[in-house]
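As the structure is a computational prediction, the values presented were derived from the model and not from experiment. All residue numbers refer to positions in the sequence shown, counting from 1.
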Amino acid sequence: QVQLVESGGGLVQAGGSLRLSCTAPGRIFSRYVMGWFRQAPGKERDFVAVISWAGGHTAYADSVEGRFTISRDNAKNTVYLQMNSLKPEDTAAYYCAAGPGGTVSREYGYWGQGTQVTVSS
């Protein structure tokens with residue numbers, strides 16, 4: 001089974017920063033759009049950010065626009081999510097995904113195991 005591997009989560013105070021990374025097998029990373037989603041306890045998995053294969057097009061959820069930045073390094077098969085000015089409401093498990101694109105989680109066929117981000121007030 002294809003595995004995407006996330007890292008970089010942790011505990012941070014409000015206003016702080018974290019950078020998440022996600023590495024995928026080359027045959028997947030080279031074909032698909034990469035996205036980040038997040039899921040808080042008892043809530044649905046929500047779209048966070050997405051980046052096109054070449055990295056020229058990105059999109060963000062309104063709640064993170066201006067604070068989070070998605071990028072990808074195709075030579076390293078890695079996608080990043082730089083998160084600045086973190087808020088307690090950003091607390092969630094963060095998942096990277098590979099797929100045809102868009103903001104709907106069910107459209108993505110490949111997922112990581114998730115990395116926990118906790119923001120204290």
Side-chain angles (χ1 to χ4, degrees):
Q1 186 171 351
V2 174
Q3 288 289 328
L4 280 61
V5 181
E6 301 103 334
S7 62
L11 174 64
V12 64
Q13 289 187 333
S17 298
L18 284 174
R19 188 176 82 155
L20 306 183
S21 301
C22 172
T23 301
R27 64 183 177 86
I28 297 300
F29 197 84
S30 63
R31 292 182 59 185
Y32 292 108
V33 167
M34 298 298 295
W36 285 97
F37 292 79
R38 66 186 182 185
Q39 187 168 20
K43 296 188 177 181
E44 294 184 353
R45 190 167 295 188
D46 292 331
F47 167 75
V48 175
V50 64
I51 187 167
S52 61
W53 181 86
H57 293 89
T58 58
Y60 298 90
D62 290 344
S63 58
V64 307
E65 181 81 53
R67 300 187 297 122
F68 290 12
T69 303
I70 189 171
S71 60
R72 65 189 292 165
D73 185 336
N74 287 352
K76 296 181 178 179
N77 297 334
T78 301
V79 61
Y80 304 97
L81 186 68
Q82 177 67 43
M83 306 185 295
N84 298 328
S85 301
L86 282 161
K87 304 175 181 180
E89 51 263 45
D90 294 319
T91 295
Y94 282 71
Y95 299 87
C96 72
T103 63
V104 179
S105 61
R106 65 176 178 270
E107 297 295 325
Y108 288 75
Y110 304 100
W111 291 87
Q113 80 288 352
T115 185
Q116 179 67 35
V117 171
T118 302
V119 184
S120 63
S121 58

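- Here the closest heavy-atom approach between residue Val79 and residue Met34 is recorded as CG1-CE, 3.9 Å.
- Thr69 and Tyr60 make their closest contact through CA-OH, 3.4 Å (heavy atoms, listed as atom of the first residue, atom of the second, distance).
- Using a 30° and 60° split on the angle between ring planes, Tyr32 and Tyr110 fall in the tilted class, from 30° to 60°.
- Across Arg38 and Ala92, no two heavy atoms sit closer than the pair CB-CB, 3.9 Å.
- Grouping the Ile, Leu, Val, Met, Phe, Trp and Tyr side chains by contacts below 4.5 angstrom, directly or via other members, places Val12 with Leu20.
- Between the Gln113 side chain and the Val5 main chain, no donor and acceptor come within less than 3.5 Å of each other.
- Looking at heavy atoms from C-beta onward, Tyr108 lies in side-chain contact with Val33 at the 4.5 angstrom threshold.
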For Thr23 and Phe29, what are the C-alpha separation, side-chain angles and deciding distance, and is it a side chain to side chain contact (heavy atoms under 4.5 Å, CB included)? CA-CA 8 Å; Thr23 301; Phe29 197 84; over 6 Å; no

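- In this structure, Thr78 and Ser21 approach most closely via the heavy-atom pair CG2-CB, 4.2 Å.
- Atoms CZ and OG, from Phe68 and Ser85 in turn, are 9.0 Å apart once rounded to the nearest 0.5 Å.
- Aromatic ring pairs are classed by plane angle as parallel below 30°, tilted from 30° to 60° and perpendicular above 60°; the pair Phe47 and Phe37 is perpendicular.
- Note that CE of Met83 and CZ of Arg67 are 9.5 Å apart. Values are rounded to the nearest 0.5 Å.
- A side-chain donor-acceptor contact under 3.5 Å links Glu6 to the backbone of Gly114.
- Considering CG of Leu18 and CD of Gln82, their distance stands at 8.5 Å, rounded to 0.5 Å.
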